[in-house]
Novice: 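Questions regarding the structure given below will be posed in turn.
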2 protein chains.
Amino acid sequence: MPGSSPRAGDRPDDSLIAADRTLRQFSGYTMKRAFHVIQSDLNAALAPLGLRMLSFSALVVVVDNPGLRQSQLAEVLAIERPNLVLVIDELERAGLICRNPSPDDRRAYALDPTEEGRALCGTAIHAVQEHEDRVARALAEPERQALIAALLRIETPEEGETSDG
Amino acid sequence: MPGSSPRAGDRPDDSLIAADRTLRQFSGYTMKRAFHVIQSDLNAALAPLGLRMLSFSALVVVVDNPGLRQSQLAEVLAIERPNLVLVIDELERAGLICRNPSPDDRRAYALDPTEEGRALCGTAIHAVQEHEDRVARALAEPERQALIAALLRIETPEEGETSDG
DNA sequence: AAACTTAGTTATACCTTATAACCATTATGG
DNA sequence: CCATAATGGTTATAAGGTATAACTAAGTTT
């Protein structure tokens with residue numbers, strides 16, 4: 001058990017270092033904590049550029065896929081359409097992307113990056129890469145790649161990739 | 001680049017499957033998506049018990065460390081003290097834990113699980129374990145353990161564990 | 001042409017996290 | 001010993017992320 005004495009409140013704080021031992025066996029708990037650390041660091045890295053994790057992601061996908069529609073972007077980012085609206089508003093107000101009329105469909109917008117958007121996107125990717133380098137310092141490179149691969153498989157379970165089960 | 005034709009909006013949706021290729025190289029993005037999947041599944045598993053990820057975590061730590069104080073619990077769970085108050089309220093109202101007066105300090109509460117709390121905690125751990133088994137089906141067991149180890153190191157970077165850099 | 005669907009939007013609600021400020025109590029230090 | 005500081009718990013508040021229903025305008029189907 002976590003500590004030896006019966007009442008945790010009486011023990012010095014040191015004896016609580018493994019107080020979440022039971023939870024640590026669950027990937028969800030550990031992932032939540034790791035993600036929180038990463039997200040904070042990432043947002044801090046992006047804040048000087050006026051971006052957050054979400055707006056950064058949206059910007060990158062628009063730069064890589066100019067002309068795509070909002071619903072497509074929402075699907076790519078795996079977020080709901082209504083939640084994308086404010087993100088696009090924000091990027092548009094910042095002059096990084098613009099909503100152009102779609103030639104095919106008068107309901108839809110074709111999202112395109114501006115020159116500024118492309119430029120800031122490059123800067124932001126460098127900032128995020130520096131953050132990623134901090135992750136890489138905690139892990140050996142093959143380990144980092146294995147981590148990403150494992151996360152990907154959790155997100156999209158493929159048949160045939162299972163273990164001994 | 002993601003697609004071949006210049007305008008993403010004109011291409012079939014299939015050509016957008018790798019539209020987030022740039023982002024995928026960053027662990028933060030992939031972790032966010034994987035965590036979202038895990039968290040949804042986990043919360044769905046806990047909802048029938050009247051628990052969420054956070055209240056479950058708090059309950060488990062209280063059961064494992066009876067008598068600890070709220071501030072200690074907050075530190076163990078790495079959340080701010082004010083944010084714990086409602087969680088404790090919720091668990092107390094559900095009759096799973098209770099705030100007992102601390103013998104040492106009249107300001108503090110000693111958190112203790114009730115019998116019901118202990119029982120539900122066991123049930124909940126089983127439910128979460130079943131969820132974890134779903135993760136385990138996507139990964140080989142050594143891979144799952146490597147994942148948890150990697151996440152832990154991201155959360156708490158230790159010196160000397162670095163790669164080639 | 002009527003009915004259905006889709007693109008984008010608005011409004012709303014809930015959860016999580018963060019901060020400042022407060023009260024009661026305990027600890028510190030002249 | 002009393003003034004000051006620090007701590008435990010609380011309240012209020014704000015911001016971010018996510019989810020759903022409902023609306024409009026435009027496109028699609030039959």
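Note on naming: letters A, B, ... go to the chains in the order of the sequence lines (proteins, then strands), and numbering restarts at 1 for each one. As a basis for the values below, the full set of heavy atoms in this structure was taken, side chains included, without hydrogen atoms, waters or symmetry mates.
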Novice: From the set dA19(D), dG8(D), dG27(D), return the single nucleotide nearest to any side-chain atom of Ser71(B).
Specialist: dG8(D)

Novice: Does Arg81(A) or Asp89(B) map to a spot on DNA chain D nearer the 5' end, using the closest nucleotide for each?
Specialist: Asp89(B)

Novice: Rounded to whole angstrom units, what separation is found between the CG atom of Leu84(B) and the P atom of dT19(C)?
Specialist: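 It is 17 Å, rounded to the nearest whole Å.
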
Novice: Which of these nucleotides, dA7(C), dG8(C), dG16(D), is closest to any side-chain atom of Arg52(A)?
Specialist: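 So the nucleotide nearest the side chain must be dG16(D).
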
Novice: Can you see whether Glu155(A) engages Thr30(B) through a side-chain donor-acceptor pair at a distance of less than 3.5 angstrom?
Specialist: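 There is no such pair between these side chains.
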
Novice: Of the listed nucleotides (dA25(D), dG17(D), dT10(C)), which one gets closest to any side-chain atom of Pro82(A)?
Specialist: dT10(C)

Novice: Could you check Ile88(A) against Ala78(B) and say which one's nearest nucleotide on DNA chain C is further toward the 5' end?
Specialist: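 That would be Ile88(A).
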
Novice: Of the listed nucleotides (dG9(D), dA6(D), dT9(C)), which one gets closest to any side-chain atom of Arg99(B)?
Specialist: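 Within the option list, the nearest is dG9(D).
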
Novice: If I take atom CD1 in residue Ile97(A) and atom C1' in nucleotide dG8(C), what distance separates them, rounded to the nearest angstrom?
Specialist: 14 Å

Novice: Would you kindly compare Lys32(A) and Asn83(A) by the position of their nearest DNA chain C nucleotide and give the one closer to the 5′ end?
Specialist: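 Nearest-nucleotide comparison on DNA chain C picks Asn83(A).
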
Novice: Does Glu115(A) come within less than 4.0 Å of Arg118(A), counting only side-chain N to carboxylate O?
Specialist: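 A salt bridge links Glu115(A) with Arg118(A).
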
Novice: Assess whether salt bridge (charged side-chain N to carboxylate O under 4.0 Å, His left out) is satisfied between Glu143(A) and Arg153(B), documenting all intermediate values.
Specialist: CA-CA 11 Å; Glu143(A) 216 174 351; Arg153(B) 279 211 261 140; 2.4 Å; yes

Novice: Give a yes or no on whether Ile148(A) and Leu152(B) share a hydrophobic cluster (residues Ile, Leu, Val, Met, Phe, Trp, Tyr; joining criterion: side-chain heavy atoms under 4.5 Å apart).
Specialist: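 No, Ile148(A) does not connect to Leu152(B) through the hydrophobic network.
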
Novice: Nearest of dA18(C), dG9(D), dT6(C) to any side-chain atom of Glu80(B)?
Specialist: dA18(C)

Novice: Ignoring the backbone of Asp105(B), work out which of dT26(C), dT9(C), dA26(D) is nearest its side chain.
Specialist: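 That would be dT26(C).
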
Novice: Provide, to the nearest angstrom, the distance between the CZ atom belonging to Arg33(B) and the C1' atom belonging to dG17(D).
Specialist: 15 Å

Novice: For a quick test of reading the model: is some side-chain N or O of Arg106(A) closer than 4.0 Å to OP1 or OP2 of dA7(C)?
Specialist: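 No, no such contact exists.
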
Novice: Rounding to an integer number of Å, can you tell me how far Tyr29(B) OH sits from dG17(D) P?
Specialist: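 The answer, rounded to whole Å, is 14 Å.
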
Novice: Could you tell me the separation between the CZ atom of Arg107(A) and the P atom of dA7(C), rounded to a whole number of Å?
Specialist: 6 Å

Novice: Would you indicate which nucleotide in dT10(D), dT26(C), dT5(C) comes nearest to any side-chain atom of Gln70(B)?
Specialist: dT10(D)

Novice: Among residues at least two apart in sequence or on other chains, which ones pass salt bridge (Lys or Arg N to Asp or Glu O under 4.0 Å) with Asp104(A)?
Specialist: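 Asp104(A): no salt bridge (Lys or Arg N to Asp or Glu O under 4.0 Å) contacts found.
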
Novice: Measure the distance from CD on Glu75(A) to C1' on dT6(C) and round it to the nearest whole Å.
Specialist: 13 Å

Novice: Could you tell me which non-hydrogen atom of Leu49(B) sits nearest to which non-hydrogen atom of Ala127(B), and how far apart they are?
Specialist: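 Reported closest heavy-atom pair: CD1-CB, 4.4 Å.
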
Novice: Using atom CG of Leu73(B) as one end and atom P of dT10(D) as the other, report the distance to the nearest whole Å.
Specialist: 12 Å

Novice: Please enumerate all residues that pass ring pair (Phe, Tyr, Trp, His ring centres under 6.0 Å) together with Tyr29(A), with sequence neighbours excluded.
Specialist: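 In terms of ring pair (Phe, Tyr, Trp, His ring centres under 6.0 Å), with neighbours along the sequence ignored, Tyr29(A) is linked to no residue.
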
Novice: Using a strict heavy-atom distance below 4.0 Å, which residues from residues 35-49 of chain B are in contact with DNA chain C?
Specialist: none

Novice: Determine, for Glu130(A) against Arg137(A), whether the closest basic-nitrogen to carboxylate-oxygen distance falls under 4.0 angstrom.
Specialist: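 The answer is no: the pair does not qualify as a salt bridge.
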
Novice: Starting from C1' on dA25(D), measure out to CG on Asp104(A) and report it in whole angstrom.
Specialist: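 Rounded to whole Å, this separation is 17 Å.
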
